[in-house]
Peer 1: 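The structure follows.
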Amino acid sequence: MNPEDMINQISGRLSLRRRVATVVALLGGLAVAAVVGLLWATEPGLPPRTQVAFGAIVVGGLAWAAYGVWVLSRRTPLFALDRVIAAWLALTATGLSAVPVAVVTILRHRTEPVAFVTDAALLVLATINLVRARAHRAALLRRKRELGG
Amino acid sequence: MNDELLVVRCQLGEREAFAELVRAWHGPVWTYVRRMLGSADADDVAQEVWLAVVRGLPGLRQPGRFPPWLFSIARRAVTNRLREEYARAEVAGGTERAGSDASDAVVDRAELVAGLAGLPVREREILILFYLQDLSLQTCAEICAIPVGTVKSRLSRGRRMLRDELTQKGYPR
């Protein structure tokens, strides 16, 4: 097998589109599971059939998230640019899932401490993740310039 | 372009840089694997090595240390394959020579470079890394996770065994 054959064999693992799609699946699954889980936890008196449906949606979302984690850890890792894209997606998904929870609780004129604390913690984590990803990429770009690239 | 720059570009996510890295290092990796395992397994194991490189490259903390890191991965892949082969040989009731190295039964079946074929894995590995891959004593020590002194003693023993092996096969001393 020559180098070109080898490059063709592994090129699928290097596809940016594939890695971003995996990150979207992971974050989408997590966001759906988080929103539905918070609704489930904060909504009193739900009928049993609704609770079963919420449970199924949460399990489905977590399954997608687990699949994303498995692919990223075992098959297709994230390079510096991917990490920045993934961090932005994570921050956006966290924001999008936090807004409905905040709106609903404000409209009902009652605070849900569990929901607020969870949303705030996730937003802080997503922001830290983005800052770290950008710093890592900046360090690599600096090193690349030092090496004459 | 030096290896460190290529690795940094790979870590940034530049696909073309990875292609260049494969073009630069596939030959040495494939040659090492073929000489350790034979032609039949070389392609499969070399592919395993490159997939492991793809997985591990974003986490490589010292891009300047790429060659020893790459050969450590190759060595692990070769060791795993030898272990599998040896386990299969044991299950099949293979006849291992008394007192020989654990991998010799497998080694004997592989198509190896004439003189190296009869050497135990440890000595063969060091001879390949030092003489055929042209790596330094220090790098060989890092790849094999042994002290430099042990590398020297294995090289010495390997040279002696290779000389005996070639003499037995009829090559002039």
Side-chain angles (χ1 to χ4, degrees), chain A residues 1-24 26 67-90 129-149, chain B residues 1-35 37-66 69-70 73-74 77:
Chain A
M1 191 182 286
N2 63 40
E4 299 309 318
D5 293 335
M6 186 58 71
I7 292 165
N8 288 335
Q9 292 276 340
I10 57 178
S11 60
R13 307 284 178 103
L14 300 169
S15 159
L16 177 63
R17 186 182 296 178
R18 184 170 155 172
R19 291 197 297 273
V20 171
T22 307
V23 171
V24 169
L26 191 165
Y67 169 74
V69 169
W70 177 77
V71 170
L72 293 177
S73 60
R74 305 293 303 171
R75 297 174 64 85
T76 312
L78 292 181
F79 293 94
L81 177 62
D82 315 334
R83 276 183 60 186
V84 174
I85 295 172
W88 271 116
L89 287 172
N129 186 39
L130 176 61
V131 169
R132 289 186 61 188
R134 285 171 59 90
H136 177 63
R137 182 160 184 266
L140 285 175
L141 283 170
R142 218 168 26 245
R143 187 67 186 137
K144 181 184 168 184
R145 279 194 298 274
E146 285 169 6
L147 293 167
Chain B
M1 189 179 294
N2 70 36
D3 292 329
E4 184 175 1
L5 178 54
L6 270 181
V7 172
V8 169
R9 286 179 55 206
C10 289
Q11 289 180 325
L12 279 164
E14 293 180 26
R15 207 168 158 175
E16 184 49 38
F18 196 85
E20 284 181 46
L21 199 66
V22 174
R23 283 187 199 106
W25 283 98
H26 178 65
V29 167
W30 191 85
T31 305
Y32 167 73
V33 172
R34 185 176 63 84
R35 287 189 170 144
L37 296 172
S39 304
D41 290 330
D43 285 345
D44 274 358
V45 175
Q47 189 175 350
E48 280 173 29
V49 171
W50 283 111
L51 289 175
V53 169
V54 171
R55 280 197 300 272
L57 209 51
L60 179 59
R61 290 182 183 279
Q62 292 179 287
R65 308 291 302 152
F66 177 74
W69 179 76
L70 172 66
I73 291 174

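Just so we're on the same page: letters track the sequence lines, and every chain starts at 1.
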Peer 1: Take atom CZ in A:Arg132; do more than 12 heavy atoms of anything else shown fall under 6.0 Å from it?
Peer 2: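 At most 12 heavy atoms, drawn from other residues, nucleotides or ligands, come within 6.0 Å of this atom.
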Peer 1: Which region of A:Leu72, side chain (C-beta onward) or backbone (N, CA, C, O), has a non-hydrogen atom less than 4.5 Å from a non-hydrogen atom of chain B, or is it both or neither?
Peer 2: neither
Peer 1: Are B:Leu57 and A:Pro77 close enough that some pair of their side-chain heavy atoms sits under 4.5 Å apart?
Peer 2: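 Counting from C-beta outward, B:Leu57 and A:Pro77 never come under 4.5 Å.
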Peer 1: Is A:Asn2 close to chain B through its backbone or its side chain, or both, or neither, when contacts mean heavy atoms under 4.5 Å?
Peer 2: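 Looking at A:Asn2, just its backbone touches chain B.
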Peer 1: Measuring only between side-chain heavy atoms, which start at C-beta, is B:Leu12 closer than 4.5 Å to A:Leu81?
Peer 2: no
Peer 1: Checking B:Ala46 against chain A: side chain, backbone, both or neither under 4.5 Å from a heavy atom?
Peer 2: both
Peer 1: Looking at every non-hydrogen atom in both residues, tell me the closest pair between B:Arg23 and A:Pro3 and how far apart they are.
Peer 2: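 What the structure gives for the nearest pair is CA-CB, 3.9 Å.
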Peer 1: Quick one, A:Ile7 and B:Trp50 - any side-chain contact, counting heavy atoms below 4.5 Å?
Peer 2: no
Peer 1: Roughly how far apart are A:Met6 CE and B:Trp30 CH2, rounded to 0.5 Å?
Peer 2: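 Reported value, rounded in 0.5 Å steps: 10.0 Å.
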Peer 1: Using every non-hydrogen atom in the two residues, find where A:Phe79 and B:Cys10 come nearest and quote the distance to one decimal.
Peer 2: CD2-O, 3.0 Å
Peer 1: Need one label for A:Glu146: side chain, backbone, both or neither, based on atoms under 4.5 Å from any heavy atom in chain B.
Peer 2: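 The answer is neither part of A:Glu146.
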Peer 1: So, are B:Glu14 and A:Lys144 salt-bridged, with charged N and O less than 4.0 Å apart?
Peer 2: yes
Peer 1: Taking atom CZ as the centre, does A:Arg134 end up with more than 12 heavy-atom neighbours from other residues, nucleotides or ligands that are less than 6.0 angstrom away?
Peer 2: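 No, because the 6.0 Å sphere around CZ of A:Arg134 holds 12 heavy atoms or fewer from other groups.
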Peer 1: Any chance you could measure B:Asp3, atom CG, to A:Leu147, atom CG, to the nearest 0.5 Å?
Peer 2: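 Going from CG on B:Asp3 over to CG on A:Leu147, the span is 11.0 Å.
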Peer 1: Using side-chain heavy atoms (C-beta onward) and a distance below 4.5 Å, is A:His136 in contact with B:Gln11?
Peer 2: no
Peer 1: When heavy-atom pairs shorter than 4.5 Å are enumerated against chain B, which of A:Glu4, A:Arg19, A:Arg83 gives the highest number?
Peer 2: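 Option with the top pair count is A:Glu4.
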Peer 1: Looking at CZ of B:Arg55 and OG of A:Ser73, how far apart are the two atoms once the value is rounded to the nearest 0.5 Å?
Peer 2: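 Separation between the atoms: 10.0 Å.
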Peer 1: Heavy-atom distance under 4.5 Å between the side chains of A:Arg143 and B:Arg9, does that happen here?
Peer 2: no
